[in-house]
2 protein chains.
Amino acid sequence: MLDVAALAGVGLATVSRVVNGKTGVSPATAARVQAAIDRLDYRHNVNAATLRRANPKTATIGLVLEDVANPFMSALHRAVEDYARARGVLVFAGSCDEDADRERELISEFRSRRVDGIIVVPAGPDHSYLLAEVRHGTALVFVDRPPRFLDADTVTADDLGGARAAVEHLGRHGHRRIGFLGADVSITTADARLRGYTEGLAALGVEPDPAIVRTGLASIEDAEEAAAAILRDHDPPTALLSAQNYFTVGAVKALRAVGRQREIAVVGYDDFLLADMLEPALTVIAHDPVEIGRAAAELLFRRLDGASPPREHVVLPTRLVERGSGEIRVRR
Amino acid sequence: MLDVAALAGVGLATVSRVVNGKTGVSPATAARVQAAIDRLDYRHNVNAATLRRANPKTATIGLVLEDVANPFMSALHRAVEDYARARGVLVFAGSCDEDADRERELISEFRSRRVDGIIVVPAGPDHSYLLAEVRHGTALVFVDRPPRFLDADTVTADDLGGARAAVEHLGRHGHRRIGFLGADVSITTADARLRGYTEGLAALGVEPDPAIVRTGLASIEDAEEAAAAILRDHDPPTALLSAQNYFTVGAVKALRAVGRQREIAVVGYDDFLLADMLEPALTVIAHDPVEIGRAAAELLFRRLDGASPPREHVVLPTRLVERGSGEIRVRR
DNA sequence: ATGAAAGCGCTAACAT
DNA sequence: ATGTTAGCGCTTTCAT
């Protein structure tokens, strides 16, 4: 910047004014400064600027996802990016694979870079460690799952209601013996979906049977194996509820492997690309990652812009999309 | 940091030494400092530290993708993230939607944040604007497509060879009239795949027919429409080569819509989740986004670590994965 | 082993 | 409209 000032024959402050688009510089000098900037290929150092500014915003936010490559997560990512970029804000993205340590580590790195806000799909069992952070002024929004031991803005979907609706839908097609594939119940979402499943069964007057309920799954392969095992039960289910996009893929693989995809009903939680192209097409509980991401970004930026409304807990509805796999009637 | 020093009763420099894990601090003082850090919930300001350091690395890199939500791109993203995180480096990610202006804008923002390196899936038609950047010491790696008017490290796949192999494969199953669905040829990858298609046809002794070649596509919907149009040609193709993951989805949709998915062969460029679960399962030209991402990160970090080897142009092979759709024989 | 002081690139207050 | 100067939070000599 000093070089630019020297070349343009002006003072440091004037260059700063031009770079920041401030008023109070004559068009002629501004042009000279701009010419010097171009000639020297000068690039403003936002990090240094932030250090001294009265309002020390870095114009960056951090995004903690379960996995940037998971289609649900990456769609959410894109929605957040679009909202941020429209405001000139850059986003750090990171995956934590449901690992609480990685979550803390990532957030800690974000802090070191002085991000203005953080949007996080929480993995850990306890988020009270973020209390100081919040008090320190960092905006924080939890997405997909609420935090534990911390009050913060959240955007979640109606997991319990969605899972319950799925079971009731299967019930309406004659099913009473319904298997369940879910993630570890320490994950709030997974727990809510399992509870929705149980409530749905209760509404049908059915006791859940642990023999056809599998939790703690973490991958397509896990789910495929679990589904295969459930199907080998002495009293196998006539329908399956899979509680996450990848698990649905695993369930479909398992059914295909034994050629029973047309006799055993499936409802999957999460919609995904090609779900409608399978045969039978997949009936799913859909919740829109784009809408969730946008809502989270909205909440975050409201706080970044200085508003301090009471904590908000947005719960977005889910939608049952009937495509075929969930409408397979129970065989008699 | 001043507060920490005061609380621990030591000088600024000592706190800095502890924070940076440098030697030359007695265990006792180090412990006192650490205690003060914990008590004050102090977080090191990497931005400020970078400003003064002899080796002014920010430990961040920028990643410019076509779209963070595209499965191919997000898998690449994850591979880069894993490589970077293992080295304590954070990644800024951004989408540019094949828009040259957005590419420049993103890279410019990255520069302002003083990222150490940039990995980019290029969108623009001219990358000479990055020359100054490279000379200035920012490591730069191009992925999936080479830059234009600039020499830099690249990691690409053998697009031409892959497309050509696809056509030859279809030829071996009796096809001579093969339709093509591709993106705008200003995208290097799209152009190479089209050339591979043409070369493949030439090897079969066939002239390409513009009536069944569509380029300039940009979405699933585009591809679906284009495929439908091609199928309505007075001399419709017996096989389709789709040159990108989303276009393959569109092609499948179009074939399904007219119920011809079992008579018209399809080979898709890019593998994707569930390609093996469709009926018929999709034959694809696969190139591994994870391997591409890892290779790019490797190249980038080699330069970040100070090595200055000659520019490298890694070309990864593609693989034909036969699953059914590409082995449908031509009807007689 | 530790501290004092200079200075990284910039902005903000105060001059002029 | 423009320049001068202090100082943001830190690292790095150079002392001690």
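Every chain is numbered from 1 and lettered A, B, ... according to where its sequence line falls, protein lines coming before strand lines.
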Next item on the list: Could you identify which residues of residues 26-37 of chain A place a heavy atom less than 4.0 Å from some atom of DNA chain C, listed by residue number, or say none?
Entry: none
Checklist line | Trace of the side-chain contact (heavy atoms from CB on, under 4.5 Å) decision for A:Leu7 with A:Tyr42 | finding: CA-CA 12 Å; A:Leu7 180 59; A:Tyr42 165 79; over 6 Å; no
Notebook entry, point to check: How would you list, by chain and number, every residue that makes a side-chain contact (heavy atoms from CB on, under 4.5 Å) with B:Ala30, sequence neighbours excluded?
Noted result: B:Val18, B:Val25
Note to self: Run the salt bridge (charged side-chain N to carboxylate O under 4.0 Å, His left out) test on B:Arg85 and A:Glu109 for me, step by step, so that the C-alpha distance in whole Å, both residues' side-chain angles and the decisive distance to 0.1 Å come before the verdict.
What the structure shows: CA-CA 10 Å; B:Arg85 290 283 309 288; A:Glu109 290 295 329; over 6 Å; no
Please list every donor-acceptor pair under 3.5 Å in which a side-chain atom of residues 114-122 of chain B meets a protein atom from a residue at least two apart or in another chain.
from     : atom 1 : to       : atom 2 : distance (Å)
B:Arg114 : NH1    : A:His44  : O      : 3.3
B:Arg114 : NH1    : B:Arg111 : O      : 2.8
B:Arg114 : NH2    : A:Arg43  : O      : 2.6
B:Asp116 : OD1    : B:Thr58  : N      : 2.9
B:Asp116 : OD1    : B:Thr58  : OG1    : 3.2
B:Asp116 : OD2    : B:Thr58  : N      : 3.4
B:Asp116 : OD2    : B:Ala59  : N      : 2.7

Item checked: For A:His136, side-chain contact (heavy atoms from CB on, under 4.5 Å) partners two or more places apart -> none
Note to self: Would you say that more than 12 heavy atoms from the other residues, nucleotides or ligands in this model lie under 6.0 Å from the CZ of A:Arg39, or not?
What the structure shows: no
Notebook entry, point to check: Which pairs with one or both residues in residues 299-313 of chain B pass salt bridge (Lys or Arg N to Asp or Glu O under 4.0 Å), sequence neighbours excluded?
Noted result: B:Asp151-B:Arg311, B:Asp153-B:Arg303, B:Arg302-B:Glu312
Next item on the list: Output every pair passing salt bridge (Lys or Arg N to Asp or Glu O under 4.0 Å) with a member in residues 88-101 of chain B, not counting sequence neighbours, ordered by first then second residue.
Entry: A:Arg78-B:Asp97, B:Glu98-B:Arg145
Notebook entry, point to check: Could you run down nucleotides 10-16 of chain C 5' to 3' and tag each one B, S or - for protein heavy-atom contact under 4.0 Å?
Noted result: BBB----
Margin query: Could you work out, with side-chain contact (heavy atoms from CB on, under 4.5 Å) as the rule, every residue matching B:Glu291, not counting sequence neighbours?
Written below: B:Asp288, B:Arg294, B:Leu316
Notebook entry, point to check: If an axis is fit to five pairs at each end of the helix from C:dA1-D:dT16 to C:dT16-D:dA1, what is the angle between the two, to the nearest 10°?
Noted result: 30°
Item checked: 5'-most by nearest nucleotide on DNA chain C - B:Thr23 or B:Leu51 -> B:Thr23
Notebook entry, point to check: So A:Tyr83 and A:Phe301, would you call those rings parallel, tilted or perpendicular, with 30° and 60° as cut-offs?
Noted result: tilted
Checklist line | side-chain N/O B:Thr14 vs C:dT2 OP1/OP2, d < 4.0 Å | finding: no
Check: Aromatic rings B:His77 and A:His77: how do their planes relate, parallel, tilted or perpendicular, breaks at 30° and 60°?
Finding: tilted
Note to self: According to side chain to side chain donor-acceptor pair (under 3.5 Å), who are the partners of A:Asp144, at least two apart in sequence or on a separate chain?
What the structure shows: none
Note to self: Tell me every residue that passes side chain to side chain donor-acceptor pair (under 3.5 Å) with B:Asn70, counting only those two or more places apart in sequence or in another chain.
What the structure shows: B:Asn245
Checklist line | Where chain B begins and ends its contact with DNA chain D, read 5' to 3' at 4.0 Å from heavy atoms | finding: D:dG9 to D:dT12
